[in-house]
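Below: one structure in C-alpha cells.
First the proteins, then the strands, lettered A, B, ... as listed; each starts at 1. Computed from a prediction, not measured in an experiment: that's the story for all the values here. Note: hydrogens, waters and symmetry copies are ignored here, and every other heavy atom, side chains too, is used.
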Amino acid sequence: MHLDPGHDWSVTPQEAIALQRTLAERVLLQPGPKHVRRVAGVDTGFADHGRTARAAVVMLSFPELAPLETRIALEPTPFPYIPGLLSFRELPVVLHALEKLSMLPDLVLCDGQGIAHPRRLGIAAHLGVVTGLPTIGVGKSRLIGDYREPGMEKGCVAPLMYANQRIGTVVRTRRAVRPLFISPGHRTDHGSAVAWTLACTGRYRLPEPIRMADRVASARRGSEKNAVP
DNA sequence: GCGACAG
DNA sequence: ATCTTGTCGC
C-alpha cells in the first residue's frame with residue numbers, strides 16, 4: 001500500500017515550526033470512532049548511538065487485544081531530538097512501517113503527545129493529519145501543561161491545562177504507578193481519547209497497543225523480521 | 001536572562 | 001531514546 005508522506009520532511013527546525021502551525025489548523029477534535037475492530041500501536045526506538053531509527057507498528061483486534069500483525073521499518077535517523085519537534089524525527093520511519101500493514105486500523109495509539117503541544121501538533125496529531133486516521137497521544141511524561149496529581153486508583157484522572165485551556169488528561173492506568181498523559185491526536189476528543197486508552201489497557205501501565213509496539217521497537221537484537229499473513 | 005523540555 | 005544487574009515493593 002502506498003501512503004502519502006503528506007508534505008516535505010526535509011526541513012530545518014525553523015521550517016518545521018512553521019509547518020506545524022499550518023498543519024495544526026487541520027486537526028479535527030471530535031468524538032472518536034464509534035466502533036473499533038482494529039487498533040494499532042506505534043513507537044520508535046533507536047540504535048547505533050541514535051543514528052538508526054526503528055519504527056514498530058502492532059495491529060491488535062478489539063476488544064480482544066490480540067496481536068494481528070506486526071510491521072517494522074529501519075531507516076537512518078533524519079532529524080535530531082528537539083523538544084517540540086519530535087515528529088520530524090520519528091514520523092518518516094513510522095509512516096514507512098504503517099504502509100506495510102495489510103489493512104488499515106480504525107484507531108491508532110501513538111507514543112507521545114497529541115495536541116498537548118506548544119503548537120497543538122504533537123506526534124500523534126501530526127500522524128493523524130498526515131494519514132487521516134483517528135489518533136490518540138499516549139505520553140509517558142509531560143511536555144507542557146499544568147495539572148493536579150490524579151487519585152492513586154486505576155481510572156483516576158485530572159485535566160491537563162495550558163494557557164487556560166484543556167489540552168489533555170492525566171490518567172492513572174494502574175494503581176499507584178506514574179500517570180500517563182493522554183491527549184487527542186486527530187478525529188478524537190478528550191473523552192474518547194481517555195475512554196479508548198483505558199479500554200485498551202490491561203494489567204500494565206501502558207495500553208496494550210503501545211506496550212507491544214514498545215517491545216518490538218526497543219528489541220535489542222535483530223528482530224528485523226516482518227510478520228505478515 | 002532563566003528554567004523547562006514528548007522520545 | 002539509550003547506556004545497564006540486581007533489587008525493593010505490592
Scan A:V39, A:V42, A:L60 and name whichever one has a side-chain contact (heavy atoms from CB on, under 4.5 Å) with A:L109. A:V39
Under 4.0 Å from OP1 or OP2 of B:dA6: is there any side-chain N or O of A:K140 that close? no
To the nearest angstrom, how far is A:I144 atom CD1 from B:dG7 atom C1'? 16 Å
Categorize A:G137 for me: base, sugar-phosphate, or nothing, with a 4.0 angstrom heavy-atom threshold over every strand shown. nothing
Sugar-phosphate, base or nothing in reach of A:G45, heavy atoms under 4.0 Å: sugar-phosphate
Could you state the atom-to-atom distance from CG of A:D146 to C1' of B:dG3 in whole Å? 14 Å
Mind calculating the distance between CZ (A:R119) and C1' (B:dA6) to the nearest angstrom? 12 Å
With the threshold set at 4.0 Å, does a side-chain nitrogen-carboxylate oxygen contact exist between A:K140 and A:D111? yes
Give one of base, sugar-phosphate or nothing for A:H117, where a contact means two heavy atoms less than 4.0 Å apart. base
Heavy atoms from other residues, nucleotides or ligands near CZ of A:R166 exceed 12 (cutoff 6.0 Å): yes
Given B:dG7, is OP1 or OP2 found less than 4.0 Å from the side-chain N or O atoms of A:S141? yes
Please identify the 5'-most and 3'-most nucleotides of DNA chain C with any atom under 4.0 angstrom from a heavy atom of chain A. C:dA1 to C:dC3
For the pair A:E208 and A:R215, find out whether any cationic side-chain nitrogen is under 4.0 Å from an anionic carboxylate oxygen. no
Students often get this wrong, so: under 4.0 angstrom with heavy atoms, is A:Y81 touching a base, only sugar-phosphate, or nothing? base
Would you mind reading off the distance between A:I82 atom CD1 and B:dG7 atom P, rounded to a whole angstrom? 16 Å
So what does A:L180 hit on the nucleic acid, given a heavy-atom distance under 4.0 Å: a base, only sugar-phosphate, or nothing? nothing
Angle class for the A:W196/A:F62 ring planes (parallel below 30°, perpendicular above 60°, tilted otherwise)? perpendicular
Assign A:R175 to base, sugar-phosphate, or nothing according to its heavy-atom contacts below 4.0 angstrom with the strands shown. nothing
Would you call the rings of A:W9 and A:H126 parallel, tilted or perpendicular, where under 30° means parallel and over 60° means perpendicular? parallel
Round to a whole Å and report the spacing from CZ of A:R142 to P of B:dG7. 12 Å
Between A:R37 (side chain only) and A:S61 (backbone N and O only), is there a donor and an acceptor less than 3.5 Å apart? no
What integer distance in Å separates A:I167:CD1 from B:dC5:C1'? 13 Å
Protein-nucleotide distance (A:Q20, atom CD; B:dA6, atom P), rounded to Å: 14 Å
Rounded distance in Å - OH (A:Y162) to C1' (B:dC5): 11 Å
